[in-house]
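Let me begin by presenting the structure, written as structure tokens, before commenting on it.
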Amino acid sequence: MLQSFNGAEVVQYDRTLVLAIELSNKNWVLAAQVPGLPQTKAKRAIEPDKLALQSAIDGYRARAAAAGHPVDRVVATYEAGWSGFWLARWLIAKGVEVHVIQPSSVPVDRRMRRAKSDGIDAELLLRTLLAWLRGEPRVCSMVPIPDEADEDARRSVRERTELVSERVSLANRIGAVLATLGVEDYNPLLKNRRRRLADLRTALGDPMPPHALAKIERLLSRLELVLDQIATLEHDRDAVAEVPASDDASRMIQQLCSLRGIGVQSATILVREAFVRRFANAKALGSYAGLTATPYNSGGVEREQGIGKAGNRRLRTVMVELAWLWQRYQPGAAQVAWFRERTGSTGRRVRKVIVVALARKLLIALWRFAVDGVVPEGATMKPAV
């Protein structure tokens, strides 16, 4: 029912406990709307522990029952972040309805000096959740809670990206040491890196200094460990495309790999980062990838600010790479024809801008191909082995 409170109409749920949780390492701050206590924002700090949270929920239930409004439904929310989704899964197992809020979608006070504390943030989350429950979907964005198996399978994809970055860093550090000695033409990624290291000479023709040589050997040991771990992850990744599909994700990876221009790595990222999720429409998918436009039209000012970049950066990166590859390996595709029609004889800068739109179109086409089996118009398949 609707009830007047401080001159405004607010929703009061007779048997629903609405709870907002502000998470931090030090403590968790709770803000709640308790049935039977419409003018009280029950707020408290608890230990960052699930048992303390359960005790707090039980306390709210007791207060509501004492006011003559026993709780039949508990709705909770918190911001997506470093804590992941374990808390949401635990609350769902306890019979709590959970909504995870995307932090950047919550509107905040724009004053230069605004008060901020965990308590204020918890009350803001509570007001946002109440607006969402009243039927205001645009008040914020809710993050879907992923399946635990899909979330775990995604870790290997992201770990490989981290290891590749670490491989580049170690190779650059070895190159920096050699550069101070005037040593050139040494690639630490080759298999003969140990043998060639013993034959290196400085720019003055002297043997490698002992401390520099020892440092490079230690860096090589770390580099070899990273290379072994990357090889293990890639072996497991490739095995998914070679054995019969055991689930929908494996089936989609194999289906994407059947298209020319798409390899196992790109297909795995597309499926693990995006296609295992449910999207209402193509616009929602483009927004998730951060490939949607952000116009600025206010008064007499009208300009385009470029893509939002607010979505999954891993997905966005691989799609821009695939957009360039798609032109080479799928010259007859409808997306490539659209790209060439609009770029024509324009310069390189215009092509780099339009390729983002091509990436968005290609992402939607690949999504429909992986989920519904609709082959992109004009695309060709790899020859059967």
Side-chain angles (χ1 to χ4, degrees), residues 104 141 154 157-158 160-161 164 237 241 249 251-297 302-383:
S104 60
S141 297
R154 190 172 56 191
V157 180
R158 298 186 174 183
R160 181 188 177 276
T161 303
V164 169
R237 176 203 63 190
R251 178 192 58 79
M252 288 190 287
I253 291 175
Q254 295 178 2
Q255 194 165 338
L256 288 171
C257 289
S258 64
L259 286 171
R260 289 189 60 191
I262 298 183
V264 182
Q265 177 65 19
S266 300
T268 303
I269 293 177
L270 287 176
V271 172
R272 297 301 184 188
E273 294 289 347
F275 295 167
V276 294
R277 300 180 54 171
R278 295 181 181 271
F279 295 96
N281 48 47
K283 184 178 180 181
L285 175 60
S287 178
Y288 173 72
L291 292 172
T292 53
T294 52
Y296 185 93
N297 299 328
E302 182 176 351
R303 68 174 184 270
E304 178 57 53
Q305 302 177 105
I307 58 176
K309 292 187 178 183
N312 190 311
R313 59 180 177 84
R314 300 174 182 87
L315 178 61
R316 183 169 59 252
T317 300
V318 75
M319 281 313 306
V320 173
E321 293 174 353
L322 278 179
W324 291 112
L325 293 173
W326 199 252
Q327 301 175 54
R328 176 186 299 179
Y329 294 102
Q330 298 283 359
Q335 297 83 12
V336 177
W338 174 88
F339 178 79
R340 291 175 177 172
E341 179 183 352
R342 278 155 179 77
T343 54
S345 59
T346 56
R348 182 178 179 182
R349 180 182 179 277
V350 176
R351 291 172 60 85
K352 291 176 65 176
V353 173
I354 302 298
V355 78
V356 177
L358 173 61
R360 182 170 59 249
K361 287 179 172 292
L362 180 58
L363 174 62
I364 296 171
L366 295 178
W367 172 57
R368 290 172 176 163
F369 173 66
V371 176
D372 301 325
V374 180
V375 180
E377 183 180 354
T380 57
M381 314 297 288
K382 294 178 182 176

Heavy atoms from other residues, nucleotides or ligands near [atom1] of [X] exceed 12 (cutoff 6.0 Å):
X	atom1	answer
Lys309	NZ	no
Arg158	CZ	yes
Tyr329	OH	no

Might you point out which heavy atoms bring [X] and [Y] nearest each other, and give the distance in Å?
X	Y	value
Gln305	Pro295	NE2-O, 3.8 Å
Cys257	Ala267	SG-CB, 3.8 Å
Ala370	Phe275	CB-CD1, 3.8 Å
Val271	Ala249	CG1-O, 3.6 Å
Arg237	Thr268	CG-OG1, 3.7 Å
Met381	Ser258	CE-OG, 3.1 Å

Report task. Given side chain to side chain contact (heavy atoms under 4.5 Å, CB included), test Thr294 with Glu304 step by step and report yes or no. Result -> CA-CA 6 Å; Thr294 52; Glu304 178 57 53; 4.0 Å; yes
Query raised in the report: Can you check whether Gln327 reaches Leu358 side chain to side chain, under 4.5 Å on heavy atoms?
Result: yes
**Report entry** Contact check, side chains of Thr317 and Ile269, non-hydrogen atoms, under 4.5 Å
**Finding:** no
Report task. For side chain to side chain contact (heavy atoms under 4.5 Å, CB included), just list the numbers for Arg314 and Val157, CA-CA rounded to whole Å, side-chain angles, deciding distance to a tenth of an Å, and then say yes or no. Result -> CA-CA 10 Å; Arg314 300 174 182 87; Val157 180; over 6 Å; no
Query - Donor-acceptor pair, side chain of Arg360 and main chain of Leu291, under 3.5 angstrom - result: yes
Requested in this report: Sort and list the pairs that fulfil side chain to side chain donor-acceptor pair (under 3.5 Å) and have at least one residue in residues 278-288, not counting sequence neighbours.
Outcome: Arg277-Tyr288, Tyr288-Asn312
Query raised in the report: Which value, rounded to the nearest 0.5 Å, describes the distance between Leu366 atom CG and Met319 atom CE?
Result: 5.5 Å
Query raised in the report: CG/Leu285 to CG/Leu315 distance, rounded to the nearest 0.5 angstrom?
Result: 7.0 Å
Query - Stepwise side chain to side chain contact (heavy atoms under 4.5 Å, CB included) check, Trp326 with Ile262 - result: CA-CA 8 Å; Trp326 199 252; Ile262 298 183; 4.1 Å; yes
Report task. Would you check, one step at a time, whether the test side chain to side chain contact (heavy atoms under 4.5 Å, CB included) holds for Thr292 with Ile307? Result -> CA-CA 5 Å; Thr292 53; Ile307 58 176; over 6 Å; no
Please tabulate, for the side chains in residues 330-357, all donor-acceptor contacts under 3.5 angstrom to protein atoms that are two or more places apart in sequence or on a different chain.
unit_1	atom_1	unit_2	atom_2	d
Gln330	OE1	Thr380	N	2.8
Gln330	OE1	Thr380	OG1	3.1
Gln330	NE2	Arg260	O	3.0
Gln330	NE2	Thr380	O	2.8
Thr343	OG1	Phe339	O	2.8
Thr346	OG1	Thr343	O	2.6

